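The structure appears right after this line, and notes come after that.
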Amino acid sequence: MTRAIAADETPVYFEGGDGALLGVVTTVPGATAKTVICAGGWHGGSINANRMVVRLARKLAEHGRTVVRFDWHGAGESPGHVRFFRVDEPGEADALGALALLSEQPDQPVSMVGTCIGSRAVLAVAPEVPQLDAVALVSFPFPAARAKTKRAERIGWWEAVRYAVRPSVLRGWLQPATRRVYLKYVRLKWQALTRRFTGRRAPSQDAEAERRERASAAGLERLVAQIDQLVARGVRVLFLFGSGDAAYEHFVKAVEGPLGPLLESAGEQLEVRVVDGDLSGFSSLESQQALIDNVTDWLARDDRQA
């Protein structure tokens, strides 16, 4: 049995997009010059459920990497307050702040790993990293025009009523931003009920659906263009999904659209892996371990080929 190497973990504070953020640098004696930036899911920050990001950082450190993980603004030990987040506004400034920790070693090869919204942040800041050599995008959320609508349609009325009377939900009605989210789901649920009994949408619903479809298509084109630019630079890219991820369904639709030709032309430089379970919600320790093993194995390819 291989004995784990004791990693040195050093907390550091650095400037993010809205003040100081907490980061943790994980390394072992004799680490190589390669560094990995880990951008976890929003509310999990630098730890994530069951300390998944901590375990990933230590595993990568055992392979000679120096790993930087951090708490997003308003998450974990980083100051600030964030009640809601947007996938299309993934906190690039926080990720750039973590990259700035490497400014004293401008020629050092850098790999980046992002999960869920963290993967969006990683892709957004990639053009700012000239020494980037690999990017792992876990449960990458491609745009889906009707994602909220489908979720509202799946929720049964009894389930919706039980959710609505929870104390935390009732308190949310006092907050303007929260109230807007609740009202949106009420409207979507009412529209679903209307379609069920009438078989058609109101003209305003059709116009809104078309607007969302156009915005989703435009967003997908932009993301595919960003990935294409990485491939053109010679950066290796990994897409890693769980078979139960909602994001995987959106990925499949993206492959049917503009992402498909890029996957074919990129060859081994752009790899897709799918494991059992749910990686976006980390519903089991097995799925978390699958993430750690796959990311570590994929990043270690450069070492095996050296």
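Everything numeric here is computed off the predicted structure, so don't read it as measured data.
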ask   = What's the verdict on side-chain contact (heavy atoms from CB on, under 4.5 Å) for Glu9 and Val54, showing C-alpha distance, side-chain angles and the deciding distance?
value = CA-CA 10 Å; Glu9 294 175 306; Val54 178; 4.0 Å; yes
request  = Evaluate the side-chain contact (heavy atoms from CB on, under 4.5 Å) criterion for residues Lys34 and Thr66: first the C-alpha distance (whole Å), next the side-chain angles of each, then the deciding distance (0.1 Å), finally the verdict.
outcome  = CA-CA 6 Å; Lys34 292 191 175 185; Thr66 296; over 6 Å; no
inquiry  = Could you walk me through whether Leu238 and Leu299 satisfy the side-chain contact (heavy atoms from CB on, under 4.5 Å) test, starting with their C-alpha distance in whole Å, then the side-chain angles of each, then the deciding distance to 0.1 Å, before giving a yes or no?
reply    = CA-CA 9 Å; Leu238 169 69; Leu299 286 177; over 6 Å; no
message = Would Val68 and Val36 count as a side-chain contact (heavy atoms from CB on, under 4.5 Å) here? Give the steps.
response = CA-CA 6 Å; Val68 179; Val36 180; over 6 Å; no
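Within the 4.5 Å cutoff, no side-chain heavy atoms of Ser287 are placed close to those of Asp278. Looking only at side-chain heavy atoms (C-beta outward), Val25 and Val12 come within less than 4.5 Å of each other. Residues Ser119 and Pro141 form a side-chain contact, since some pair of their non-hydrogen atoms from C-beta on lies under 4.5 Å apart. The side-chain heavy atoms of Leu22 and Tyr13, taken from C-beta on, include a pair separated by under 4.5 Å. Taking the side chain as every heavy atom from C-beta outward, Arg65 and Thr35 never approach each other to under 4.5 Å. In this structure, the side chains of Val135 and Leu230 come closer than 4.5 Å at one or more pairs of heavy atoms. Contact of the Lys253 side chain with the Leu259 side chain is not registered, since no non-hydrogen atoms from C-beta on lie closer than 4.5 Å. The shortest distance between side-chain heavy atoms of Thr115 and Leu291 falls below 4.5 Å.
Among Val272, Asp245, Val274, Leu137, the single residue meeting the side-chain contact (heavy atoms from CB on, under 4.5 Å) criterion with Phe251 is Val272.
What you find for Trp72 and Gly40 is that their closest heavy atoms are NE1-O, 2.9 Å. Looking at every heavy atom in both residues, Lys59 comes nearest to Thr296 through CG-OG1, 3.4 Å. Taking all atoms of both residues into account, the shortest heavy-atom contact from Cys38 to Val67 is SG-CG1, 3.8 Å. The nearest pair of heavy atoms linking His63 to Ala300 is ND1-CB, 4.2 Å. The heavy-atom pair separating Val237 from Trp298 by the smallest distance is C-CZ2, 3.5 Å. Contact between Leu223 and Pro143 at its shortest, heavy atoms only, is CD1-CD, 3.5 Å.
For the side-chain contact (heavy atoms from CB on, under 4.5 Å) test, residues two or more places apart in sequence or in another chain that qualify with Asp8 are Thr10, Thr27. In terms of the salt bridge (charged side-chain N to carboxylate O under 4.0 Å, His left out) criterion, Glu286 has no residue partners (sequence neighbours excluded). Not counting sequence neighbours, the partners of Asn294 by the side chain to side chain donor-acceptor pair (under 3.5 Å) test are Arg273. Residues that satisfy the ring-ring contact (aromatic ring centres under 6.0 Å, His included) test with Tyr248, not counting sequence neighbours, are Phe241. Partners of Asp276 by side chain to side chain donor-acceptor pair (under 3.5 Å), not counting sequence neighbours: none found. Applying the side-chain contact (heavy atoms from CB on, under 4.5 Å) criterion to Arg222, with sequence neighbours excluded, gives Ala218.
Between Phe239 and Phe140, the angle of the ring planes goes over 60°, which puts this pair in the perpendicular group of the 30/60° scheme.
To the nearest 0.5 angstrom, Ile227 atom CD1 is 6.5 Å from Leu262 atom CG. With rounding to the nearest 0.5 Å, the separation of CD in Glu128 from CG in Leu99 is 9.0 Å. The distance from atom CG of Asp297 to atom CD1 of Ile292, rounded to the nearest 0.5 Å, is 13.5 Å. Atom-to-atom distance recorded for Gln226:CD and Glu221:CD is 12.0 Å, nearest 0.5 angstrom. Atom CG of Leu60 is separated from atom CZ of Arg55 by 12.5 Å, given to the nearest 0.5 angstrom. Atom CZ of Arg120 sits about 8.0 Å away from atom CG of Leu123, to the nearest 0.5 Å.
With respect to Arg236 and Glu271, no salt bridge is recorded, no charged nitrogen being found less than 4.0 Å from a carboxylate O. The residues Arg301 and Glu268 are annotated as not salt-bridged, no charged nitrogen and carboxylate oxygen being separated by less than 4.0 angstrom.
Side-chain contact annotation: Asp133 with Ser111, donor-acceptor N/O pair under 3.5 Å present.
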